[in-house]
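Let me begin by presenting the structure, written as structure tokens, before commenting on it.
Read the numbers this way: they start at 1 and go in the same order the structure lists the ligands and their atoms.
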Amino acid sequence: MVLNELGKSLTKALASINAAPVIDEKVLDACLKEICTALLQSDVNVKQVMGLRNGVKKRVNIEQLAAGLNKQRVIEKAVFDELCAMLDSGITDTKKLELKKNKTAVVMFVGLQGSGKTTTCTKYAYHYKKKGFKPALVCADTFRAGAFDQLKQNATKAQIPFFGSYKETDPAVISQQGVERFKTEGRDLIIVDTSGRHKQEESLFEEMRQVAAAVQPDLVIFVMDGSIGQAAFDQAKAFKDSVEVGAVVMTKMDGHAKGGGALSAVAATKSPIIFLGTGEHMDQFESFETKRFVQRLLG
Ligand code: GDP
């Protein structure tokens, strides 16, 4: 994970303020400019960088700085608090996210092809299985050849019941059949894996809407590759505009992800990040904790 690249750049930016003999608006602005550059390089979306800059400025009191407090610490804390506030801003309706044992929840996963959706479905199912839930997996991905086999293989490994079809080509029909089957069987967490595409395109969004209409999900989770950089905001927004995304999972956080994508995903979907994918294996899956994430981001 290269998350702490931001931390290194911030340390550099803050060194300038620590070295300044007099702290005034100009010195603070110069430091903030450097901080903004560091944030942009960490894939934070431009609009959010501006928001963060203003937020930090509000939090920092020039007179206090001039009075000789540890300047670096004051600004660092303001940046930290501002990043946390941005990530937490997606948490509006936590009720939707609460799963209850013995009360059926249908959770639909959406995302681009290759984002890690199928892998994440199993990780999510396995996570709740360990907590005593009775999950089940439905493969409604009829677009990618081999998608059902992949889900089947993962589900078998995790010993989780699965449903899919080699013949039926309509994902809405498959998902409806699967959800009905597992409801009858008394499963309390029914996870629907939908198709992706290589890029955002209308056919994908239309298909997502049809599956959502067929299964009436209690929660839609958007899966996003954490390493896609500045493209994160637009991608997340396109999904949010098509289906009622309620939560986000960022994958591949073990790779080249710089962390800024997380802020973009929250801002674009107005939904919280709930898990991070940190590897290809089933148990490489972490519950998202804002403060811990920002600590890592800042190194
Ligand atoms: P889908 O097309 O969105 O369903 O994506 P897949 O679940 O098939 O994942 C695409 C590739 O990304 C596979 O090779 C996965 O093993 C890999 N992958 C998924 N999640 C992670 C993750 O958190 N970290 C890493 N390193 N690889 C991941």
Decide whether a cation-pi geometry holds between Lys101 and Phe133; the criteria are a distance under 6.0 Å from NZ or CZ to the six-membered ring centre and an angle within 45° of the ring axis.
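Pair Lys101/Phe133 counts as cation-pi.
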
Residue [X] excluded, over 12 heavy atoms near [atom1] under 6.0 Å:
X      : atom1 : result
Gln153 : CD    : no
Lys129 : NZ    : yes
Arg181 : CZ    : no

Do [Y] and [X] meet the salt-bridge criterion of a basic N to acidic O distance under 4.0 Å?
X      : Y      : answer
Asp29  : Lys57  : yes
Glu82  : Lys58  : no
Glu202 : Arg209 : yes

Fill in: Identity of the nearest option to atom 1 (P) of ligand 1, non-hydrogen atoms only, from Gly111, Gly114, Gly226, Cys121
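Nearest heavy atom to atom 1 (P) of ligand 1 lies in Gly114.
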
Exercise. Who gets closest to atom 21 (C) of ligand 1 by heavy atom: Gly279, Gly116, Ser227?
Worked result: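 Residue with the shortest heavy-atom distance to the ligand atom: Gly279.
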
Exercise for review: Would you check if Val192 and Val211 make a side-chain contact, meaning some heavy-atom pair closer than 4.5 Å?
Suggested key: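 They are in side-chain contact.
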
Give the atom numbers and elements of ligand 1 that come within less than 4.0 Å of a heavy atom of [X].
X      : result
Gln113 : 2 (O)
Arg144 : 2 (O), 4 (O), 8 (O)
Leu112 : 3 (O)
Gly277 : 23 (O)
Thr278 : 23 (O)

Would you say Gly196 contacts ligand 1, with heavy atoms under 4.0 Å as the rule?
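No; Gly196 lies far enough from ligand 1 that no heavy-atom distance drops under 4.0 Å.
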
- request: May I ask whether atom 15 (C) of ligand 1 is less than 4.0 Å from at least one protein heavy atom?
  value: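 At least one protein heavy atom is under 4.0 Å away.
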
Among all protein heavy atoms, pick out the one at the shortest distance from [atom]; state its residue, atom name and that distance to 0.1 Å.
atom                    : value
atom 27 (N) of ligand 1 : Glu280 CG, 3.5 Å
atom 24 (N) of ligand 1 : Asp254 OD1, 2.8 Å
atom 18 (N) of ligand 1 : Lys252 CE, 4.0 Å
atom 3 (O) of ligand 1  : Lys117 N, 2.8 Å

Give the contacting part of [X] toward ligand 1: side chain, backbone, both or neither, where contact means a heavy-atom distance below 4.0 Å.
X      : answer
Thr119 : both
Asp193 : neither
Lys123 : side chain

Has ligand 1 got any nitrogen or oxygen that is less than 3.5 angstrom from a nitrogen or oxygen of [X]?
X      : value
Gln150 : yes
Thr118 : yes
Thr251 : no
Met253 : no
Ser115 : yes

So, [X] versus [Y]: side-chain donor-acceptor pair below 3.5 Å or not?
X      : Y      : answer
Asp254 : Thr278 : no
Thr118 : Asp193 : yes
Gln210 : Glu206 : yes

**Message:** Suppose we screen for salt bridge (charged side-chain N to carboxylate O under 4.0 Å, His left out). Which residues come up paired with Arg292, at least two apart in sequence or across chains?
**Reply:**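 Scan of Arg292 (salt bridge (charged side-chain N to carboxylate O under 4.0 Å, His left out), adjacent residues dropped) gives Glu286, Glu289.
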
Please table the atom pairs, donor to acceptor, closer than 3.5 Å between any side-chain atom in residues 232-241 and protein atoms at least two apart or in another chain.
unit_1	atom_1	unit_2	atom_2	d
Lys237	NZ	Asp241	OD1	3.3
Lys237	NZ	Asp241	OD2	3.0
Lys240	NZ	Glu244	OE2	3.1
Lys240	NZ	Val245	O	2.9
Lys240	NZ	Thr269	O	3.1

